[in-house]
Amino acid sequence: MSFCSELKNDLCKEKKGVCCQVAECYGFMLFGRSFSYKNISLITENKNIAERYTSFFKKNFAIIPGVKVTGNKNIRYTLSVEDKELCGRVMSAFGYNGNDLLSINHDVFKRDCCFSAFIRGAFLACGQMSDPYKNYHTEFVIKDFTLALEFYSLLTVRGLSPKRSIRGNSTVIYFNQGETIEELLTLMGANKKVLELIDVQVAKTIRNRENRKNNIELSNIGKQVDASFEQRKAIELLKEAGKLEALSDELYSVAQLRLSYPEASLSQLCRLSDESITRSGLNHRLKKIIEIAEKIKNGD
């Protein structure tokens, strides 16, 4: 089962009072397949959503939607009310007066708990969420452009910072930041998934830190190999020119040490040296050898 399916199943377990049921039912209808005086319908592949939608419809409006089940492997539930009188009764209950132009009636969710229920209903009707282990992305896919803009403004006013884009004939209101998605889940009452999301964020932070550490180590190894090659190349040039033994005792001993241990780091060379020398001191001597080799190469 996908993360999104688990999330929706958890949301369907939320038990709220009558006012919140009405607000959630409003979110269901407004962002479902159809919400008009001719037809009120919702399509879902989730059995729990179908049962919750039917239950709220029956409890709050004494109406039982018709249910049509299609598909074998991927089952789809189409719940609909097609009687114009019943549709008119529901539309009137939410403050509509015969105008087919839909807009969000804020009076339905004056309380904060009802606003949360309304967003939960909207998500159950048209929302999707990616597996946070793969990608942070939660979206509402809304067919009515005007309604989508109202919903976008509603979420923005509440401080949720959504983004929007066009996908075909639909408007997508989405979130792609872990912290914002966490706020949205908290608002909808998905506390179990909030904890899972926090665990994912912690795991990702640890993994990213380890990756950065490994990348730094690999980079340092690469630099170490390059530096050792340059140093040995300079020493070999001095050796071929008969100038190696003409170096001072300090430089000669470092040159021999490098030739004996070509893959060793500066810190390891310090420990291998017969004299007490710091890493910076050793590095300074090797740079001096490279400078002398460059002068000989240039004929100085």
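As the structure is a computational prediction, the values presented were derived from the model and not from experiment.
- For Y53 and Y77, the distance between ring centers is not under 6.0 angstrom.
- Side-chain N or O atoms of N298 include one that pairs as donor or acceptor with a backbone N or O of E294 at under 3.5 Å.
- Y37 contributes a side-chain N or O that, together with a main-chain N or O of N97, makes up a donor-acceptor pair within less than 3.5 Å.
- Of all non-hydrogen atoms in S41 and S80, the two that sit nearest each other are CB-CB, 3.6 Å.
- R164 places no side-chain N or O within 3.5 Å of a backbone atom of I173 that could act as its donor or acceptor partner.
- The pair K233-E236 fails the salt-bridge criterion, with no side-chain N (NZ, NE, NH1 or NH2) lying under 4.0 Å from an Asp/Glu carboxylate O.
- Side chain of S55 to backbone of E51: no donor-acceptor contact under 3.5 angstrom is found.
- Between R285 and E275, at least one side-chain nitrogen of the basic residue sits less than 4.0 Å from a carboxylate oxygen of the acidic one, meeting the salt-bridge criterion.
- Checking side-chain atoms of T44 against main-chain N and O of N46 turns up a donor-acceptor pair under 3.5 Å.
- Remark: the backbone N or O of C12 is paired with a side-chain donor or acceptor of R52 at under 3.5 angstrom.
- Not a single donor-acceptor pair under 3.5 Å links the side chain of S130 to the backbone N or O of Y136.
- Summarising the geometry of F118 relative to I104, their closest heavy-atom pair is CZ-CG2, 4.1 Å, with the distance given to 0.1 Å.
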Distance-only donor-acceptor hits, side chain of residues 248-270, under 3.5 Å, sequence neighbours excluded:
residue: S248; atom: OG; partner: L251; partner atom: N; Å: 3.4
residue: Y252; atom: OH; partner: Q256; partner atom: NE2; Å: 3.1
residue: S253; atom: OG; partner: D249; partner atom: O; Å: 3.2
residue: S253; atom: OG; partner: E250; partner atom: O; Å: 2.9
residue: R258; atom: NE; partner: Q231; partner atom: OE1; Å: 2.9
residue: R258; atom: NH1; partner: Y261; partner atom: O; Å: 2.9
residue: R258; atom: NH1; partner: P262; partner atom: O; Å: 3.2
residue: R258; atom: NH1; partner: A264; partner atom: O; Å: 3.1
residue: R258; atom: NH2; partner: Q231; partner atom: OE1; Å: 3.2
residue: R258; atom: NH2; partner: A264; partner atom: O; Å: 3.3
residue: S260; atom: OG; partner: Q256; partner atom: O; Å: 2.9
residue: S265; atom: OG; partner: Q268; partner atom: N; Å: 3.3
residue: S265; atom: OG; partner: Q268; partner atom: OE1; Å: 3.4
residue: Q268; atom: OE1; partner: S265; partner atom: N; Å: 2.8

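- Annotation: F140 is in aromatic contact with F151 [ring centroid separation under 6.0 Å].
- In this structure, K8 forms a cation-pi arrangement with F123, its terminal cationic atom sitting closer than 6.0 Å to the ring centre and no more than 45° off the ring axis.
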